[in-house]
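Side chains are part of it too, since the values below use all heavy atoms of this structure and drop only hydrogens, waters and symmetry mates. Below, chains carry the letters A, B, ... as their sequence lines are ordered, and counting in each starts from 1.
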Amino acid sequence: MVLEATMICIDNSEWMRNGDYSPSRFQAQADAVNLICGAKTQSNPENTVGVLTMAGKGVRVLVTPTSDLGKILACMHGLEIGGDMNLAAGIQVAQLALKHRQNKKQQQRIIVFAGSPVKHEKKVLEMIGRKLKKNSVALDIVNFGEEDEGKTEKLEALLAAVNNNDTSHIVHVPAGTNALSDVLISTPIFTGNGEGGSGFAAAAAAAAAGGVSGFEFGVDPNLDPELALALRVSMEEERARQEAAAKKAAEEASKQEKGGEQQASSQDATMTERASASASEAETKTNDMMDDENALLQQALAMSMDDPAINQEAKDTDMSEAASDDPELALALQLSVADSSKDSSSQSDMSKLLADQSFVSSILASLPGVDPNDPSVKDLLASMQNQSESQQKNDDKKPPSEEEKK
Amino acid sequence: MACLHDHSCEDHDCSTDWSLYKHIDLSKVSALNEARPGSVKSVFKAWEERLNSSGEHLESNEGDPELLVFIPFTSDVKIKSISIVGGADGTSPTKMRAFINRDGIDFSDAQSMQAIQEWDLAENMQGVLEYQTRYSKFQSVGNITLHFPDNFGADTSKIHYIGLKGEATQLKRDVVATIVYEVMPNPSDHKTRAESGGGFSHVE
């Protein structure tokens, strides 16, 4: 997040027609410039970027440092290749352009794309470098294109003269299959001195590196910050809820051993009433059926109250997990169980529906936050199946009462 | 220790006179052509410490004795005199040029611009020399830039202490405390008292 004014010096000499960087050296350079502009303006909204060309008829400033990305991209269009690069003049004009920046608080930086051979003497370059250092201007050099004898040495000397506390960098990009921009993304020119870099640079690097975004929740916080935030918040809420549920379960375990059906938590108040109503209704019928249903209801109640102490503990804990995953889901399932005990006709339909695993799993998949492949959900489904099977048996046992109800 | 004042230093506490360093906005102090970034902050200290050369000092880059020091203050000050303690062996600066209330001066500006005042400096190893200012010109100083173009012949210039004597007023220059950027300003966020019914009377 350094506040910076940057001048980019583009090499548009005849040497840029070469195709050893795809599609051409000039195009690769233009892509890199676009990326740099984006990265700089994103890392700090008050950053400004300017562009000048070093070859052609002479050094020409295309756009003075501005934070308007559109202007910068527009001026990259219609650039013509020709002439010879004048590195020294280019850097000096860049320094002058930076001197007249509007916001004097910005740090000064020049980024040079040195594609053609360097015809200046090493001494001249060193003098320029010292002048830049004296005025605390940082310099980044991108050495690509022509591999002249002495060019690398001269540029390294220039960097040594400018470098003040590692603020200046040089990058050598050999010709090859990698695009110029891709190579630059991982360099300090983009990431900026390891200050943490900009989100743009990090995102671009991640995208370039793998294709799959390595972000939490699979959502790029830059592209969709609200969604990423919502996912993060719901994850934390979920964890908090699970912790609370686990705590509650521990408490309930001690209480349940005394209470039995009598206790009712607030969320299961209506549930309990219904259950007790249906329980009493069932009691008027045969005893063993009532017992079965009571047991079932008790089991259902206990499960919905996240109580692992009754019956199959493992199943109940799974159930409580699933319940805490989505209490509404659990309640819905429990209600459907209660409904089925109340009204046998609909019960059979319901239980048949519930027994239809594919149907249930499709419902579960559509619910947010429930993964059908989750083992707890699978266990829940299994337990549901068992219940529906036992209720199926009950159905078979009392066909006459069905007729009565109808 | 001798003082230019016609008294002995034990009776009169010189350090209170030279206390303008307390009004310097140290975080915004900067220097051009310093060898170690940030070393310029070490030259602003109390009067008693001025000869203490064990800590950091301001040194220019190898082979270039020019130095430019930018000193902003937290409020407007009046500067009566300036004291400079340089280094030994010719590293002391020979000349000092001051510019007032100008932001972002660099070497080419400093060399071409007319300074508000210039002094010829002598080697001041004991820290007893002070250079008077034309007080009328230094009445409301928000920031001061000191340019040291040359030294006594060494490769680099060293400065151990810069002392400022004067008074601080409570006035502040155009301080913008917080800036809120609004992409799309919403007039309802900026209700004035008049719009929202005023203080006491309420007109329906």
Side-chain angles (χ1 to χ4, degrees), chain A residues 1-5 7 41-42 44-48 64-65 67-70 91-110 123 126-139 157-168 193 195 225-226, chain B residues 25 27-41 56 58-72 99 101-113 142-145 147-151 155-157 173-184:
Chain A
M1 290 290 280
V2 175
L3 184 57
E4 228 174 27
M7 275 303 287
T41 45
Q42 252 218 356
N44 187 329
E46 289 190 63
N47 278 353
T48 58
T64 56
S67 52
D68 184 1
L69 198 56
I91 295 181
Q92 285 168 330
V93 172
Q95 193 184 352
L96 197 62
L98 284 173
K99 182 174 135 124
H100 293 291
R101 65 197 185 284
Q102 284 191 319
N103 183 358
K104 300 289 181 197
K105 291 199 175 56
Q106 289 166 326
Q107 303 276 341
Q108 304 172 70
R109 180 172 291 273
I110 301 177
K123 278 218 178 58
E126 278 176 356
M127 216 159 53
I128 292 175
R130 274 197 294 269
K131 190 157 166 248
L132 288 177
K133 183 176 178 183
K134 193 165 167 180
N135 287 296
S136 74
V137 179
L139 178 67
L158 173 59
L159 181 83
V162 176
N163 204 356
N164 184 5
N165 221 24
D166 272 339
T167 51
S168 304
N193 285 359
E195 74 217 357
E226 288 150 345
Chain B
D25 192 349
S27 59
K28 300 209 183 92
V29 167
S30 68
L32 286 185
N33 204 27
E34 54 178 347
R36 287 177 306 276
S39 57
V40 60
K41 299 184 181 156
E56 278 227 330
L58 174 62
E59 189 164 356
S60 70
N61 277 317
E62 208 45 52
D64 197 348
E66 250 185 301
L67 274 174
L68 198 64
V69 181
F70 173 71
I71 309 167
F99 305 89
N101 294 335
R102 310 243 357 196
D103 249 357
I105 296 185
D106 71 350
F107 283 106
S108 50
D109 292 335
Q111 280 147 12
S112 54
M113 270 167 36
N143 58 62
I144 184 171
T145 308
H147 176 217
F148 304 96
D150 212 351
N151 67 1
D155 241 2
T156 67
S157 288
R173 299 210 138 237
D174 44 5
V175 172
V176 187
T178 51
I179 306 177
V180 176
Y181 291 101
E182 287 182 305
V183 175
M184 275 201 304

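Rounded to the nearest 0.5 Å, atoms CD1 (I105(B)) and NZ (K99(A)) are 10.0 Å apart. Atom CZ of R102(B) sits about 9.5 Å away from atom NZ of K104(A), to the nearest 0.5 Å.
Results of the side-chain contact (heavy atoms from CB on, under 4.5 Å) test with K134(A) over N33(B), N61(B), D106(B) single out N33(B) as the only residue that passes.
Other residues, nucleotides and ligands place more than 12 heavy atoms under 6.0 Å from the CD atom of E126(A).
In this structure, no portion of K131(A) lies under 4.5 Å from any heavy atom of chain B. Of the two parts of E46(A), only the side chain, counted from C-beta on, holds a non-hydrogen atom closer than 4.5 Å to a non-hydrogen atom of chain B.
Counting heavy-atom pairs under 4.5 Å between each of L68(B), D103(B), D64(B) and chain A puts D64(B) at the top.
Residues P37(B) and N165(A) share a closest heavy-atom pair of CG-ND2, 3.8 Å.
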